[in-house]
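The sequence lines fix the lettering, A, B, ..., with proteins before strands; numbering per chain opens at 1.
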Amino acid sequence: MADSTAEERSLNFLEEIVEADLQSGKYKAIHTRFPPEPNGYLHIGHAKSICLNFSLAMKYGGKTNLRFDDTNPVKEETEYVDSILEDVNWLGFKPSNVFYASDYFEELYGFGVKLIQKGLAYVDESSSEQIALQKGTPTEAGVVNEYRSRSIEENLRFFKEMREGKFADGAKVLRAKIDMASPNMHLRDPVLYRIKHANHHRTGAAWCIYPMYDFAHGQCDSIEHITHSICTLEFIPHRPLYDWFIEKLEIFPSRQYEFARLNLNYTVMSKRKLLELVNEKYVSGWDDPRMPTISGLRRRGYTPESIRNFTERIGVQKRDNLIDVSLLEFCIREDLNKTAKRKMVVFDPLKIVISNYPESIEMLTSEDYPEAAEKNSYRELPFSRELYIEREDFMEDPPKKFFRLAPGKMVRLKSAYIIQCNEVIKDGSGKITELRCAYLPESKSGADSSGLKVQGTLHWVSISQAINIELRLYDRLFKVENPGMESGDFKDYINPGSLHVIPYAFAEPSLRNAKFSEGYQFIRKAYFCLDKDSSDEKIIFNRTVSLKDAKKG
RNA sequence: UGCCCGAUAGUAUAACGGUAGUACGACAGACUCUGACUCUGUUUGUCGAGGUUCGAAUCCUCGUCGGGCAACCA
């Protein structure tokens, strides 16, 4: 029989859970959610979570909500909401619904009232310092204070007055009444509501009390009937609390599952550190092409496909990890190799004169997509007597395995002719200023009757038609694999050479019409994309990723 | 000194009591009008000690190591 199982990939642990829930009839359909706090830009780690949540629902015919966890007005801004919406969309996902935790403030308040009525919450007037002190330590139980035994009526009245704005910030909080001696610190009467007279980006001044994460997140999941609430490992200790609220409030039983967050080497991933890089101008902004943000990767030339593919390849597990960026680079090369248009650009020019070529211009053709036969097309390239080649592609005294140009040696000029170097011209200081070469007319690309086989093929541009472009070459932002784990300030490990600008490179004229939507491969060099800083006077390209380079020495 | 997670090549990830496999990386070779791509080959692994079993990466016990938990942050 045919090998029908050949394509099957083994399930990850979340898929196993979902399949079991579906098979047992626990759920007829699953519902996931991606719940960012709009306090910063999304990064590649969020992409893992986004792909996980959306892909899981898509695979099993369910839905995924995008929900902004906007319960802390002093940190959140509309600018971040907009960028998150853009990034999720760019990654290729369409949320079933876009919700906000702030949509549920009234319901959440009601949950607080309900808990008080059940004798499971109380208004505490202690300062945050006192509360912290009374919590004890992981090895010592906490202590109960006098507010814990307040009457239900008094709690109800104070909670209402908190909402009405009768108290100053910090004067009172609503706390759950659970267990001040629990070995799990999160169960030692966690704060549910705090007073913040602050403007909220969506609700304005309508509220002056805001729910804490633990009292908002699970309840929002429940309100939306989220079946599988997937978050990162650090929330494991919160799960008993998550379940406690569901049980006491008697609401839809969403379940929380945790996976290991993505760590990438040679970068940092925490919002706090990324914000620091932006604020202190180590990078040009959240979308600096060196940033691991979605917007940075987008500007760098990464495609949504490559990022989705990357998150698929790294898998999902519960063990901590530090993924090698080389895998991310592999994914973008794999994509761009098939989709990027080939172009010729000389970074560091060396002039060559084809002595036996006439004073005229010939138009040659070259393939745009050599790796995608089905969509291949061709472009025209001007060829003339005076050309630029890459300075590093010539050596006066080459080692044995040097496949490029040298005195007396022959190479092919890509999509053009075979040439031979006859003469090296230098200035007074000994610097090579020009090469005199001869071409073989019968070696024309596509109509080669020379019978010659040469070892090297070089990229080139015709001097008089070449256009000038700026190249921005990026390298890893940090010198060490895990800057966040090093001693001292992580910024001490920033790679000073992470950006190298080539202000004047020489490009084939077709690049004048470069589009933001296209990726390009500058043959034998790297993949590039048009940068948004480009203007009519200056065309700027970002190096997305270099080509693999097997050259020795 | 408490509680909770976790541990398979360099990095990730499979094997669900029955031959430790795959990808990326590295190295070597073939091919090449990109020293790219593609193809071929090589390299390196079950944290440790006991136990259960005909058989253990997998189950049990005890260690070891790594991570998390004491914000009116999420």
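- A salt bridge does not link Asp368(A) with Lys341(A): every distance from a Lys NZ or Arg NE/NH1/NH2 to an Asp or Glu carboxylate oxygen is 4.0 Å or more.
- Under 3.5 Å, the side chain of Glu371(A) and the base of U38(B) form no donor-acceptor pair of N or O atoms.
- Checking Met185(A) against Pro211(A), the closest nucleotide of RNA chain B that is more toward the 5' end is the one next to Met185(A).
- Here Gly446(A) lies in heavy-atom contact (under 4.0 Å) with a base.
- Among the heavy atoms of the strands lying under 4.0 Å from Ser127(A) is at least one base atom, whether or not backbone atoms are also near.
- Within the shown strands, A49(B) is the pairing partner of U61(B) under the Watson-Crick or G-U definition, both distances less than 3.5 Å.
- Here Phe330(A) lies in heavy-atom contact (under 4.0 Å) with sugar-phosphate atoms only.
- Base engagement by Ile523(A) is indicated by at least one non-hydrogen atom pair under 4.0 Å involving a base atom.
- At the heavy-atom level, Pro370(A) lies under 4.0 Å from base atoms of the strands shown.
- Backbone-only contact: Ser326(A) has heavy atoms under 4.0 Å from sugar-phosphate atoms and none from a base.
- Heavy atoms of Arg319(A) sit under 4.0 angstrom from at least one base atom.
- Pair check for G66(B) finds C5(B); Watson-Crick or G-U wobble, both atom distances under 3.5 Å.
- If you check every strand for non-hydrogen atoms under 4.0 Å, Lys548(A) touches sugar and phosphate atoms only.
- A14(B) is unpaired under the Watson-Crick or G-U wobble criterion, no partner having all donor-acceptor distances under 3.5 Å.
- Taking the nucleotide of RNA chain B with the nearest heavy atom to each of Phe403(A) and Thr137(A), the more 5' of the two is matched to Phe403(A).
- Using a 4.0 Å heavy-atom criterion, one finds that Val173(A) contacts the bases of the nucleic acid, with or without backbone contacts as well.
- Within 4.0 Å (heavy atoms only), Ser366(A) reaches no atom of the nucleic acid at all.
- A donor-acceptor contact under 3.5 Å links the side chain of Arg342(A) to the base of U34(B).
- Side-chain to base pairing of Arg524(A) with G35(B): no donor and acceptor N or O lie closer than 3.5 Å to each other.
- Within the nucleic acid shown, Ile314(A) comes within 4.0 Å of sugar-phosphate atoms alone, with no base atom in reach, counting heavy atoms only.
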* Residues Asp448(A), Ser450(A); criterion side chain to side chain donor-acceptor pair (under 3.5 Å); working and verdict -> CA-CA 6 Å; Asp448(A) 186 353; Ser450(A) 70; 2.7 Å; yes

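- The partner of G35(B), taking Watson-Crick or G-U wobble pairs whose two distances both stay under 3.5 Å, does not exist in any strand shown.
- In this structure, the ring of Tyr80(A) has its center less than 6.0 angstrom from the ring center of Tyr41(A).
- Shown here, G41(B) forms a base pair with C27(B); the pair counts as Watson-Crick or G-U wobble because both key distances fall under 3.5 Å.
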* For the pair Lys271(A) and Lys75(A), evaluate side-chain contact (heavy atoms from CB on, under 4.5 Å) and give the outcome as yes or no after the intermediate values. => CA-CA 12 Å; Lys271(A) 277 187 189 168; Lys75(A) 285 187 166 182; over 6 Å; no

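- The base of A71(B) is not paired with the side chain of His186(A) by any donor and acceptor separated by under 3.5 Å.
- Salt bridge annotation for Glu224(A)-Arg33(A): absent, with no cationic side-chain nitrogen under 4.0 angstrom from a carboxylate oxygen.
- Contacts of Leu458(A) with the nucleic acid, taken as non-hydrogen atoms under 4.0 Å apart, are absent.
- Contact annotation for Lys401(A): base contact, defined as any heavy-atom pair under 4.0 Å involving a base atom.
- No contact: Asn184(A) has no heavy atom under 4.0 Å from any strand.
- Side-chain to base pairing of Glu16(A) with C16(B): one donor and one acceptor N or O lie within less than 3.5 Å of each other.
- Checked against a 6.0 Å centroid threshold, the rings of Tyr439(A) and Tyr357(A) count as neighbours.
- Ion pair Arg150(A)/Glu125(A) flagged as a salt bridge, since at least one NZ, NE, NH1 or NH2 atom sits closer than 4.0 Å to an Asp/Glu carboxylate oxygen.
- When the side-chain nitrogen and oxygen atoms of Arg194(A) are compared with OP1 and OP2 of A74(B), one or more of them lie within a distance under 4.0 Å.
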